[in-house]
Amino acid sequence: MAGAVVRHYLTTRFMDSETTKCKISYSLHSHTRSPYSLPLFHNKYETRRVVALMNGCEGDPKPPVGSIETRTLTAVPSPSKAMERLNVAIRELKCNPPPLTSGILRLQVPIEEQIEAIEWLHAQHDNLPRCFFSGRRSRANGNGSNLLMDIGNGNGDTSFTHNLVGAAGVGSAVFFQQLHPFSYHDWRSIKRFLSAKCPLIRAYGAIRFDATANISPEWKAFGSFYFMVPQVEFDELEGSSMLAITIAWDNAFSWTWDEAIHSLETTMQQIASVVVKLKKESSGESILNKTHVPNKTHWDLAVKKALQEINTSSSQLVKVVLARSSRILTATNIDPIAWLACLQVEGEDAYQFCLQPPNGPAFVGNTPERLFHRKWLSISSEALAATRARGESSDLDLQIEHDLLSSPKDHLEFTVVRENIQNKLEASFLPISQFVNLLVDALSNAIVHPPALKHVSKLIVLLFSASQSVCDRVVVEPKKTVRKLRRIQHLYAQLSGNLRREDDENEQLAVFEILSSLHPTPAVCGLPREAARLFISETEMFDRGMYAGPVGWFGGGESEFAVGIRSALVEKDSGALVYAGTGIVEGSNPSSEWDELELKTSQCTKLLQLEVPKQAKVENLEIIY
C-alpha cells in the first residue's frame, strides 16, 4: 500500500494530482488580481458556437489506445486535389469503420508543391480551434531545429524524408485542457495518443507562465494549459507540402468513431482548398490608442522595489524578470494570422506560433528563445539574455555588440540564466528506481513506527533535490556569444546533452521532468525561481497567461518548446495585448529597462502601424489551386 501511495505521489511531483473534468464550455470562477485586468476581452467568447469535442485529460491515461496509425496516400499536385483525395478516403472509412473502441488515425496526402503553412491557415479564416508552429528558418548561428521527419505508413517503414518547416491546423481530433497545473497525469494523457512510429501526430499547445495564479478573463479559454491534435493539418516541408486529417476516438470518453467522423466531416466542409499567396508587407495604419500596465511611474517603483530586495543582505533574490502588458487599439481589426505572416519576415531566426482555442482570442508570437528540443535521447536548450538594439551601420552594430559583451551588468544577467539551465540538466542524479525504493522503505518504516513520519518530509525534499538531473552530461558551446536578430541582439549560449533512460516509463517521466525543471527559466522569471515567482505575483498587476510560458508540441519520439515571449493576445474588436519583459539585477536602471521594453515590443507595434493584408487585395495576389 505504501508503494502505491509513493508511486501516485511521484506521478504528480510538484502539482495537484486530482483530475477535474473540464469541458470546452467550462466556466471559470477565478477573478483578476486588479482593476488592470483588461475587461475589453470579457464576454467576447460567449457569442461563438461551442462544439462538443474529446478532452483527452478526462479519462484514465494508463490503458493504451487500440491503434495509432498513419496512412500516406499518393501524392497530388495541389491542395484542392488533396482535399478531394481525403474526402474520398473519409467516405471509405465510414463504410469500413475499425473494430476498435479507441484509436487515432492520420491520413496524409503529399503535395508536390511547397506552400507556406501560414498561407493555408490564413485561407481558413476564423475556423476554430486553430494552431500554427514554425521552426527557425535561419541556420546562421548553427542552432536551428533538427526537424527531419520520416513520412511513411506508420509501421516503421519510411517512404521519404523531408525537413518540416512549419505546421498549421484547424479543428481538434482530441484536445487536452484542465484548470489545474500541468501534471505528469496530463502528460501521460497526451502521450497516450502519440507514437514514435507516427512522428507527425503531434499535440500543439502552450502552458501558463504561472499555473498557480488566478486566470483573468482574457485568458479564460486557455485554462491552465491547452494542447490540440488538429483534425485538419497542413505541413509545409522543404520542397513540398502535405495535407492531413486525423480522427481520434475513445468509447471510454463517450466519444465514438461515428461521432469523431461526423465532427471531422463538419470541419472539412469549412476548409478552403484555394490558398492565397500573402504579400507580407503593409501600407500604413494608425494606432488609435496605446496604454501600458504598469505605466512608466509604476514601472519605476516596481524596479526600485526589486533592486531594494536584491540588495538586501537577508534576501535570496538575485534576479527577477518584470513584464509589461500594452493594449493596442487600431482603426481596423487585427488579423492575427496576417500579422503573424508579417512577423515571419521580422523573425527569420525565430519561432512563430499561434494558438487559438474555441471561444478565445489568438495567442501569437515571434520568439527567438528555445526552451528545449528533444529527439529520442538527445536534448538541447539555450540561454538567451541581455538586450541591445541593432546598429544603423555595420560599424555601429559592432560597437554595440562589443558593449554588450563587455557589460558587467549584462554578463551577470546572462550568466545567471546559463548556469541555472546547465545546473538543472546536469545536477547529481539518483536513478528513479532507487528513488522509489528509498521512499517506499521510509514510508513503510513510518507506518510501523509512527514517530518516524516526521522525518519523511525531509527525506522527500532531499531525494527530490538529488533527482533533478535529466542528462548524463551537458556540453555548453558556445559559452557566450552574441545572437543577432533583425532589430535586436542578445547574449547567447547553446546547451546540449543526452537524456538518461532506464525504461519507457522513466523516459516518459524524463520528458515531463524537462518541462518542470527548465520552466520557468531565469530569463523569464528570475533566480531563485520561487522567490522570483512570488515577487512577480505580488508586484505585477496583470495576468501573464501563456506569455513567457512553454509553447510548442509533443510528439512520439520528439518534442520541441519555445518560450512564449515577444508575443501578443489578439481578439476581434479588442485590439491586441502586447507583452514584454526585462531582467532586473544589481545595476539595473528603471529608465533603461523601460527603453528595453519599448525595443522588444517594437517588432509588433511597428507592424501594427502598418496595414496587414486586406481581403480587398486578394484579387491581385497569386492563387495556389
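Residues take their numbers from the sequence shown, with the count starting at 1.
Counting heavy atoms from C-beta outward, L515 and W187 have side chains that stay 4.5 Å or more apart. In this structure, E596 and S588 have side chains that are not in contact, with every pair of non-hydrogen atoms separated by 4.5 Å or more. Using a 4.5 Å heavy-atom threshold, the side chains of W299 and L597 count as touching. Looking at F353 and Y204, their side chains never come closer than 4.5 Å, going by heavy atoms from C-beta outward. Side-chain contact between E119 and K277: present, with at least one pair of heavy atoms (C-beta onward) separated by less than 4.5 Å. Side-chain contact between V570 and P361 is absent, with no heavy-atom pair separated by less than 4.5 Å. For the pair N498/S378, a side-chain contact is recorded, criterion being any heavy-atom separation below 4.5 Å from C-beta on. Within the 4.5 Å cutoff, no side-chain heavy atoms of T582 are placed close to those of T387.
Salt-bridge annotation for K296 and D300: present, with a side-chain N of the basic residue lying under 4.0 Å from a carboxylate O of the acidic one. Taking a cutoff of 4.0 Å between a charged side-chain nitrogen and a carboxylate oxygen, R483 and E382 qualify as a salt bridge. Using a 4.0 Å cut-off between a side-chain N of Lys or Arg and a carboxylate O of Asp or Glu, R374 and E513 do not qualify as a salt bridge. We find that D210 and R533 are joined by a salt bridge, their nearest charged nitrogen and carboxylate oxygen being less than 4.0 Å apart. For E598 and R324, the salt-bridge test passes: some basic side-chain N is under 4.0 Å from an acidic carboxylate O. Salt bridge annotation for R566-E369: absent, with no cationic side-chain nitrogen under 4.0 angstrom from a carboxylate oxygen.
A donor-acceptor contact shorter than 3.5 Å links the side chain of D186 to the backbone of S183. With K480 contributing its side chain and L491 its backbone, the two residues share no donor-acceptor pair below 3.5 Å. No donor-acceptor distance shorter than 3.5 angstrom exists from the side chain of T539 to the backbone of A302, with no hydrogens or angles considered. The closest donor-acceptor contact from the side chain of S381 to the backbone of L371 lies under 3.5 Å. The closest donor-acceptor contact from the side chain of S537 to the backbone of L534 lies under 3.5 Å. In this structure, D410 contributes its side chain and A386 its backbone to no donor-acceptor pair below 3.5 Å. In terms of modelled atom types and a separation under 3.5 Å, the side chain of T521 and the main chain of L518 share no donor-acceptor contact. With hydrogens and angles ignored, the 3.5 Å screen pairs a side-chain donor or acceptor of R529 with a backbone N or O of H519. In terms of modelled atom types and a separation under 3.5 Å, the side chain of K319 and the main chain of V416 share no donor-acceptor contact. Without hydrogens or angle criteria, R418 side chain to K479 main chain gives a donor-acceptor distance under 3.5 Å.
For the atom pair CD (Q344) and CD1 (I118), the distance works out to 5.5 Å, reported to the nearest 0.5 Å. Atom CG of L384 and atom CD1 of I565 lie 6.5 Å apart (nearest 0.5 Å). In this structure, S134 OG and Y351 OH are separated by 10.0 Å, a value rounded to the nearest 0.5 Å. If you take CD on E309 and OG on S315, they are separated by 3.5 Å, rounding to the nearest 0.5 Å. Here the CD1 atom belonging to I488 is positioned 11.0 Å from the CG atom belonging to L404, to the nearest 0.5 angstrom. A distance of 11.5 Å separates OG of S567 from CG of L340, quoted to the nearest 0.5 Å.
Aromatic ring pairs are classed by plane angle as parallel below 30°, tilted from 30° to 60° and perpendicular above 60°; the pair F363 and W219 is perpendicular. Ring geometry for F222 versus Y226: interplanar angle over 60°, hence perpendicular rather than tilted (30 to 60°). In this structure, F227 and F554 have tilted ring planes: the angle between them lies in the 30° to 60° band.
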side-chain contact (heavy atoms from CB on, under 4.5 Å) evaluation trace for E586 with N311: CA-CA 7 Å; E586 184 178 358; N311 293 323; 3.7 Å; yes

Can K375 and E560 be said to form a salt bridge (charged side-chain N to carboxylate O under 4.0 Å, His left out), step by step? CA-CA 8 Å; K375 186 167 186 180; E560 182 164 26; over 6 Å; no

Full working for side-chain contact (heavy atoms from CB on, under 4.5 Å) between T367 and V551: CA-CA 10 Å; T367 173; V551 181; over 6 Å; no

I'd like to know whether Y547 forms a ring-ring contact (aromatic ring centres under 6.0 Å, His included) with F209, so could you lay out the CA-CA distance, the side-chain angles of the two residues, the decisive distance to 0.1 Å, and finally the verdict. CA-CA 6 Å; Y547 162 70; F209 167 77; 7.6 Å; no

F561/F372 under ring-ring contact (aromatic ring centres under 6.0 Å, His included): CA gap, chis, key distance, verdict: CA-CA 6 Å; F561 280 83; F372 74 89; 5.6 Å; yes

Assess the residue pair L355 and C131 against the criterion (side-chain contact (heavy atoms from CB on, under 4.5 Å)); give the C-alpha distance rounded to whole Å, side-chain angles, the decisive distance to 0.1 Å, and a yes or no. CA-CA 5 Å; L355 185 66; C131 64; 4.1 Å; yes

Given the rule in the side-chain contact (heavy atoms from CB on, under 4.5 Å) test, do T312 and L317 qualify, once you have shown the distances and angles that lead to the verdict? CA-CA 9 Å; T312 300; L317 196 63; over 6 Å; no

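Among all heavy-atom pairs drawn from F176 and A203, the shortest one is CE1-CB, 4.4 Å. Of all heavy-atom pairs spanning L495 and V476, the tightest one is CD2-CG2, 3.9 Å. Taking every heavy atom of both residues into account, V563 and A548 meet most closely at CG1-O, 3.8 Å. Listed here is the closest heavy atom pair of A167 and D235: CB-OD1, 3.3 Å. Taking all atoms of both residues into account, the shortest heavy-atom contact from W339 to V578 is CH2-CG2, 4.4 Å. The shortest non-hydrogen separation linking G169 to P230 is CA-CB, 3.7 Å.
Inspection of the R388 and Q489 side chains reveals no N or O donor paired with an N or O acceptor under 3.5 Å. Between the side chains of Q114 and E238, not a single donor N or O lies within less than 3.5 Å of an accepting N or O. Of the N and O atoms on the side chains of D397 and S394, not one donor lies less than 3.5 Å from an acceptor on the other residue. For the 3.5 Å distance criterion, the side chains of H292 and N295 fail to qualify, holding no donor opposite an acceptor.
Under a cutoff of 6.0 Å and an axis angle of 45°, K305 and F535 form a cation-pi pair.
Residue-environment remark: CD (Q316) stays at or below the threshold of 12 foreign heavy atoms within 6.0 Å. Counted within 6.0 Å of CD on Q308, heavy atoms from surrounding residues, nucleotides or ligands total 12 or fewer; the atom is thus considered open.
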